[in-house]
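In what follows, a structure is listed as C-alpha cells, so that the remarks can point back to it.
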There are 2 protein chains.
Amino acid sequence: MATSKPHVTVQEVGLRDGLQSIAGVMPTDEKKRWIDAEYAAGVRHMEVASFVPAKLLPQMADAVEVIAHALRYPDLIVTALVPNLKGAEKAFEAGVHRIVAPISVSAAHSMANVRKTPLDMVEEFGRIADLREAMGRRGPTRLIAGLSTVFGCTLQGDVPLDDVREIVLRVLDIDCDIIALADTTGHATPGQVDRFFGVLRPLAEDRLTVAHFHDTRGMALPNTMIALQHGIREFDASLAGLGGCPHAPGATGNVATEDLVFMLESLGYHTGIDVEKLLAARAIVQRALPGAALFGSLARAGLPKGYSNPQSETKAAA
Amino acid sequence: MATSKPHVTVQEVGLRDGLQSIAGVMPTDEKKRWIDAEYAAGVRHMEVASFVPAKLLPQMADAVEVIAHALRYPDLIVTALVPNLKGAEKAFEAGVHRIVAPISVSAAHSMANVRKTPLDMVEEFGRIADLREAMGRRGPTRLIAGLSTVFGCTLQGDVPLDDVREIVLRVLDIDCDIIALADTTGHATPGQVDRFFGVLRPLAEDRLTVAHFHDTRGMALPNTMIALQHGIREFDASLAGLGGCPHAPGATGNVATEDLVFMLESLGYHTGIDVEKLLAARAIVQRALPGAALFGSLARAGLPKGYSNPQSETKAAA
C-alpha cells in the first residue's frame with residue numbers, strides 16, 4: 001500500500017541552515033546524534049554542513065567530521081553547501097553526494113551577503129561545475145544551484161520574476177543537475193509560488209525539482225502545497241524549525257521538518273519518515289542548544305489523539 | 001479588476017469563539033470598537049455573540065447590546081451562536097441575520113459539553129427550524145447547522161466519516177440554509193479534509209459552504225486550500241488567532257483572520273478585507289485583554305517588505 005503512494009523527499013537542513021544562524025556552537029557529538037536520530041526516523045536526505053571559513057562561522061568548523069559520520073550510512077544522501085570554488089573543492093574531497101551552491105537572485109542581498117552580484121555568483125557556479133568535471137566528480141557528486149531570495153528579500157523587498165527567470169536561464173546553460181528555489185526570508189505567498197513555478201518549471205523542466213520554504217509568515221505549508229501541484233518533489237526543512245531570523249524575534253526560519261512530514265503524509269505522499277520519532281529527536285537539539293528557540297506547531301500541541309502513524313502501518317503491513 | 005476575482009467570505013468569529021475561552025471579560029465598548037475596526041477593514045460577516053446563560057459565560061452577557069451595535073451597519077451580516085431553542089428565541093428577537101446552532105458529531109464531546117447526544121442536538125436543531133417558521137423569521141434569518149468536532153476530538157480521538165455523514169444526512173432533512181463543518185479541536189489534516197469534503201459536498205451540495213478551521217497544529221491554512229478546491233467559499237477566523245485551547249498552553253485556536261486573508265488574497269481570491277487594517281485592529285484586543293495570548297504568523301514577522309496591498313490597489317483603480 002504505502003509504496004504505491006507518490007514519494008516526496010524531505011531533506012533535513014537543520015544541521016546547516018538551522019545551525020548557521022544560532023549563536024551557540026553545537027558540539028560535534030551532538031550533531032552526530034542528531035543525524036543518527038533523523039536517520040532512525042527514516043530521513044534519507046540531509047544537508048549537514050557548509051564549507052565556509054571556520055573563523056567566519058565556527059558552527060561549521062567540524063564540517064569534514066560531520067560529513068564523514070553521515071557518510072557511514074550507505075543509503076543516506078549527504079549534501080553540503082559551498083559558497084565558492086574553494087569550498088566546493090573541500091566538499092568534493094569530503095565525498096558528499098551533493099553540493100549546493102547558493103546564488104542570490106536579489107542583487108541587494110547578494111552584495112550584502114557575499115559582495116558579489118548574482119551574475120558573479122552564476123559565474124562562480126560555472127567554475128564549480130568545471131571543477132567537478134576536472135576532479136572526476138561528475139558521476140558521484142550531483143550539483144545543485146540553490147537560488148536564494150527568489151520570492152523577496154528583506155533588503156530589496158520585491159524580487160521580479162524576470163530577474164529569477166534570467167538567472168534560471170543562465171544556470172540551465174551550466175552543467176548542473178538540480179535547481180532549487182529558496183524563499184530565504186519567508187516572503188513567498190502561495191499565489192506567488194504558483195506564478196513563479198508556473199513560469200519556471202516549463203523553462204527548467206525536471207531540473208527544477210526542489211523548493212526551500214521558510215515559515216516566517218506561516219506560509220511554508222500552503223506554499224508547499226502549491227509547489228507540489230507544479231511537480232516539485234523535494235523540500236528542505238529544519239527540525240523544530242531551527243534557524244529563526246535574528247532580526248525578527250519569534251519569527252521562524254525553515255519550516256519544521258515534523259510539521260512538513262505530518263502534512264505530506266496526510267495528503268497521501270510517502271516520505272518514509274516517522275513523525276513520532278522526529279518529534280522525539282527535538283530533545284537532542286533542545287539539550288545541545290539550551291538557549292535556542294525551537295518552533296513547530298505539531299510539537300506545541302502534540303499529535304492529535306487517535307493519530308495513526310503511517311510508518312507504523314507500513315511496518316505492520318509488511 | 002478586483003471584482004472579477006472569485007469572492008471568498010471571511011467571517012470574523014473572534015468576538016464569539018475567540019472570547020468564549022478567555023478568562024477576562026472584554027468590556028462592551030471594546031467589543032464595539034473591535035466591530036468598528038473590522039468593519040472599517042472591510043469585514044462584512046461577523047459572529048459577534050452567543051446566547052448562553054450569563055452565569056455560565058459572563059463574557060456573553062452583553063450579547064443583545066453587541067448585536068444591536070453590529071446591526072447599525074446596514075451591509076454587515078451579523079451572526080449569533082445559540083446552543084438551544086431558548087437561545088434561538090432570543091437571537092431571533094435580537095434580529096441577527098444568521099443563527100448558527102452547534103451539533104457536535106463526537107458523542108463524547110457532545111455529552112461532555114451539553115449533556116446531549118449528537119442526535120439529541122439534531123432534534124433540537126429541528127425545533128429551532130420550526131421556531132423560525134413559527135416566528136415568521138424564515139425570510140430574514142438564515143439558519144446554519146454548525147457541525148463541530150467533525151475531524152476529531154480531544155476526548156474521543158478519531159471521528160469516523162460515517163458518523164459525520166449520518167449527521168449531515170439528518171440535518172439535510174431539516175429546513176436550514178447552511179451547513180458548516182468545524183475542526184473544533186485542530187485535529188484536521190489536509191488529507192482528511194480532502195476525504196471528508198469529497199464525500200460530504202456531493203451529498204449536501206451548495207448547502208455545505210462553510211468551514212471553520214483551528215490552527216492548533218499549523219494545518220488551518222493547508223486545510224483551507226483543500227476546502228477551496230471543494231468549492232467552500234466561506235471561512236471562519238479569529239483576529240490574532242484569539243481563543244487558544246486552555247488545555248494546551250501555546251496551542252492556537254481559530255486561524256488568525258489576518259493570516260487567512262493574506263493567504264486568500266495572494267491566491268487571487270477577493271475578500272474585500274484590508275490586511276494592514278486588520279493588523280492594526282489587533283491593538284484593540286491587546287489593550288482590552290491584557291493577559292490574553294495573541295497569535296498569528298503575519299503579526300509576528302510583519303508584512304513582507306515590498307508588500308502590495310490588494311485593497312489599496314482596488315481603491316487606486318476605482
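What you see is a predicted model; the values in this text were computed from it and never measured. Both backbone and side-chain heavy atoms feed into the values below; hydrogens, waters and symmetry mates do not. Numbered from 1 within each chain, the chains take letters A, B, ... in sequence-line order.
Heavy atoms of B:Glu258 lying under 4.5 Å from chain A are absent altogether. With a 4.5 angstrom heavy-atom cutoff, B:Leu155 touches chain A only via backbone atoms. With a 4.5 angstrom heavy-atom cutoff, B:Gln156 touches chain A only via backbone atoms.
In this structure, the separation between CG on A:Leu267 and CD on B:Gln192 is 11.5 Å, given to the nearest 0.5 Å.
With sequence neighbours excluded, no residue forms a side-chain hydrogen bond (donor to acceptor under 3.5 Å, both in side chains) with B:Arg201.
The side-chain heavy atoms of B:Met219 and A:Phe262, taken from C-beta on, include a pair separated by under 4.5 Å. Looking only at side-chain heavy atoms (C-beta outward), A:Cys153 and B:Lys305 stay at 4.5 Å or farther from each other. The shortest distance between side-chain heavy atoms of A:Met225 and B:Leu221 does not fall below 4.5 Å.
With hydrogens and angles disregarded, no donor-acceptor distance shorter than 3.5 Å links the side chain of B:Arg300 to the backbone of A:Arg217.
By number of non-hydrogen pairs under 4.5 angstrom with chain A, the leading residue of B:Asp215, B:Asp158, B:Asp194, B:Leu303 is B:Leu303. When the candidates B:Ala256, B:Pro222, B:Gly296 are compared by the number of heavy-atom contacts under 4.5 Å with chain A, B:Pro222 comes out ahead. Here A:Ser266 is the residue among A:Gly306, A:Gly268, A:Ser266 with the most heavy-atom pairs under 4.5 Å with chain B. The candidate with the highest count of non-hydrogen atom pairs below 4.5 Å against chain A, out of B:Thr189, B:Val193, B:Thr224, is B:Thr189.
The number of heavy-atom neighbours closer than 6.0 Å to CZ of B:Arg165, taken from other residues, nucleotides and ligands shown, is 12 or below.
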